[in-house]
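For reference, the structure discussed in these notes is given below.
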Amino acid sequence: MATATEQWVLVEMVQALYEAPAYHLILEGILILWIIRLLFSKTYKLQERSDLTVKEKEELIEEWQPEPLVPPVPKDHPALNYNIVSGPPSHKTVVNGKECINFASFNFLGLLDNPRVKYNSCTSIKAAALASLKKYGVGTCGPRGFYGTFDVHLDLEDRLAKFMKTEEAIIYSYGFATIASAIPAYSKRGDIVFVDRAACFAIQKGLQASRSDIKLFKHNDMADLERLLKEQEIEDQKNPRKARVTRRFIVVEGLYMNTGTICPLPELVKLKYKYKARIFLEESLSFGVLGEHGRGVTEHYGINIDDIDLISANMENALASIGGFCCGRSFVIDHQRLSGQGYCFSASLPPLLAAAAIEALNIMEENPGIFAVLKEKCGQIHKALQGISGLKVVGESLSPAFHLQLEESTGSREQDVRLLQEIVDQCMNRSIALTQARYLEKEEKCLPPPSIRVVVTVEQTEEELERAASTIKEVAQAVLL
Amino acid sequence: MRPEPGGCCCRRTVRANGCVANGEVRNGYVRSSAAAAAAAAAGQDFVSLYQDFENFYTRNLYMRIRDNWNRPICSVPGARVDIMERQSHDYNWSFKYTGNIIKGVINMGSYNYLGFARNTGSCQEAAAKVLEEYGAGVCSTRQEIGNLDKHEELEELVARFLGVEAAMAYGMGFATNSMNIPALVGKGCLILSDELNHASLVLGARLSGATIRIFKHNNMQSLEKLLKDAIVYGQPRTRRPWKKILILVEGIYSMEGSIVRLPEVIALKKKYKAYLYLDEAHSIGALGPTGRGVVEYFGLDPEDVDVMMGTFTKSFGASGGYIGGKKELIDYLRTHSHSAVYATSLSPPVVEQIITSMKCIMGQDGTSLGKECVQQLAENTRYFRRRLKEMGFIIYGNEDSPVVPLMLYMPAKIGAFGREMLKRNIGVVVVGFPATPIIESRARFCLSAAHTKEILDTALKEIDEVGDLLQLKYSRHRLVPLLDRPFDETTYEETED
């Protein structure tokens, strides 16, 4: 049946061909010839001109010379040769073979070498860490998700949350990674972050990893911040749909590492509610220092802790352990358990360090008097160091870690660094251990001027503080004049 | 070539994942009350912190089987471990501790390759002594006043262990990658990174600002093509030549169990004048006749690898990471690494643990314990993998890799496998999306020199049972079980029947 219909169609076609008008046939014929020509003609290749031959490619590969993996480092680079500390970096420490009093380690509450200082608690930090070592060994052999969660970690998180009076806390195994993992967990591409110019490097790296829009405001200048927030509000009104999904964050530090100043938290909270931006507070220097019980800058100003969305701090300063923590409401903190890169993809904190941190918290809770003592000592040395010719004190009187900068710079940063290093070396010769504040000059967004870092701890006696102040005065006079 | 399951298994897996999409409908009814309460507490008018669709997978799939992860333990993570029992009465949204402890669970999840996770022995005693003397913390950075004599000792030892000129140690393995790759490469450089590289390598590459190109996993043709195209065509648009090309690979890939094709990568790197960054997080201590890692495993020269990176967490029972290489490289990192300038240095007892365990592996402590551990791990690996293949499971990875991924495929089996194994007193690690592709969920076993043959046999027996229960024996190639008995007349007679 099929063939019959086929033949029938063919006959019809041939008949149609005979009956068609001539012009129609000619037109169709020309079209068919044109198509055949196009099919067989060479295609016009644009790449023809830039396609290289195999030989040319091989020559290019031969000729290409990469830069060396790393540029050579001059032998006298100021950061190449580290100070070697023999023995523990405690109050009296041996640096490069000389016995010195330590004015450079962030051991604010003297908890690094605890049994020597008589506190009221029965166990010492070292004993607690030792007990943990005997039970668990050293390492945890896994990230938190895969059998790396120990009861000590859960205890520490609990204790920190209770101490800071928040719902939940999360701990990280490295202080730097804490804020650097926390920021990208919440702030993504398209979100806006307002951050202080003097923010520390860890915050800068967290912001870089988040790929959000960064807006810098002048250090501690609330008027400048408000101006930026207002500008953003105007932008939002132009595009309300986008504004509804763009998150806004303000990132500040309690006590700034780079300038020793405190942030104006009450004004920040007002701005937060006015412009609907969340606050992330980095309290590495102020945790265990400010406030009646050492709870940080929120206690210092008497602000309700629930007003701050996230508090991040490292345990490497006042708590004299290793690692860091974030605390806040469960709704906020729980998110980091799946999205904090430094939490999910890294081994957890060794249990002995967590036990040391718990014991340090115990000591802080049992001895709330040490915070007042520290404050007094800070005030004392601030006053004593005023009026050194050639050096100025940068930092508030309640900051235990402040800077001494040159009053007048020589004009070149290298020269400044060398002068300050000379002062540091001579102070070291006279048994006062100091250090310059170290920065990565090419990587910092707003590079602070070179300075000497002075750190006050509760273990320093009044006489030692006086001696340090007078030593620095003498050396500065000798070197700078 | 990877073994593949039958086609109908793939289809079922995809359908199973599709069922999860039903959750989206459910979501319409169950806008989580927790989210609503939090929104009210957070203050009206604030833009919501999380997007709804971002945590869709978390709420619908992860939450239901969440009890398989974050299991808290309360003993040393050795061959056997004590797990704290927890219960949930609201479908895993919250957990309560019953107070019971499941004792003696066989630990097939911790990264304890050479068995140094111990709370007794010479390593622990040495660490205790140093803890007494130095304390737990350091309170300063390497460049300021945190460089202890212990750190210098450690770095010298690491350099000798690896066979390189110099080495530098850092406090966190993840941070070693994320802070040093940006110090080595920057804008105008090219990074060629393996498809399945770890999150720390990816983050380090992103933070550096260099251009990143991905080559297929362990595929040398893909890598060669990228190298050729990079050198011939230069940077995109401007056509300037690249300043440097850095190849990022790992020794053992932790989710695949595969070992990098190091001889071929080194040949390519030499031909095209690129630099090689080798992340030996899982392979240091675990491969090679004396535990020196993947370079020794292939019998190559450590000087051929420009940057040898590794961690102390897995085979040394401590924490932290290191980078080893030429003296110029280490000098540069001492001055320019983000970690040396801004991050606290390693804690002294941890450093002592690394020093003692490394000396043990090198045989410098006067015992042959290190050598025995390395050999025991290799034997355990071969035995375990062979038996699993004989049973009919699909196993990924290289024959000699102590990381053994066992394929589950179906999302429901992830939860089932983890729970069934715990019921039988074996702790395993199960992984699904997003750590693995969505249809390739797996259970991953990490073997250890601390596992005796009895422990492995017990584990294998239970895996066999659970495999039958959950129908996990997907392999279409059945290995004939090797005869362990010597060939004699009795054997011959049995096979006659």
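Sequence lines set the chain letters: A, B, ... in the order given, protein chains first and strands last, and positions in each chain run from 1. Predicted, not measured: the structure shown is a model, and the values here were computed from it.
- Among the candidates A:Phe106, A:Phe150, A:Tyr174, the residue making the largest number of heavy-atom pairs closer than 4.5 Å to chain B is A:Tyr174.
- In terms of non-hydrogen atom pairs under 4.5 Å with chain B, the most contact-rich of A:Val455, A:Val152, A:Asp306, A:Val332 is A:Val332.
- Using a 4.5 Å cut-off between heavy atoms, B:Ile83 touches chain A through its side chain atoms alone.
- Only the backbone of B:Ser75 comes within less than 4.5 Å of a heavy atom of chain A; no side-chain atom from C-beta onward does.
- For chain A, no part of B:Val130 is nearby; none of its heavy atoms comes within less than 4.5 Å.
- A distance of 6.0 Å or more separates the ring centres of B:His338 and B:Tyr342.
- Residue B:Pro348: no heavy atom, backbone or side chain, is found under 4.5 Å from chain A.
- With respect to B:Lys150 and B:Glu153, a salt bridge is recorded, a charged nitrogen being found less than 4.0 Å from a carboxylate O.
- Salt bridge absent: B:Arg334 and B:Asp331 never bring a charged side-chain N and a carboxylate O closer than 4.0 Å.
- Between B:Phe116 and B:Phe316, the gap from one ring centroid to the other reaches at least 6.0 Å.
- Within the 4.5 angstrom heavy-atom criterion, only backbone atoms of B:Ser345 (N, CA, C, O) approach chain A.
- Both the backbone and the side chain of A:Ala129 come within contact range of chain B, each with at least one heavy atom under 4.5 Å from a heavy atom of that chain.
- For B:Met172, the parts lying under 4.5 angstrom from a heavy atom of chain A are both the backbone and the side chain.
- For the set B:Arg71, B:His198, B:Glu144, B:Lys271, the count of heavy-atom pairs under 4.5 angstrom toward chain A peaks at B:Glu144.
- Contacts of B:Tyr275 with chain A are made by side-chain atoms alone, with heavy-atom separations under 4.5 Å and no backbone atom involved.
- Residue B:Gln124 touches chain A through both its backbone and its side chain, counting heavy-atom pairs closer than 4.5 Å.
- Contacts with chain B were tallied for A:Ala177, A:Pro143, A:Pro351, A:Pro66; A:Pro66 has the most, counting heavy-atom pairs under 4.5 Å.
- Using a 4.5 Å cut-off between heavy atoms, B:Val307 contacts chain A through its side chain alone, with no backbone atom that close.
- With a 4.5 angstrom heavy-atom cutoff, B:Ser178 does not touch chain A via any of its atoms.
- Only the backbone of B:Arg118 has a heavy atom closer than 4.5 Å to any heavy atom of chain A.
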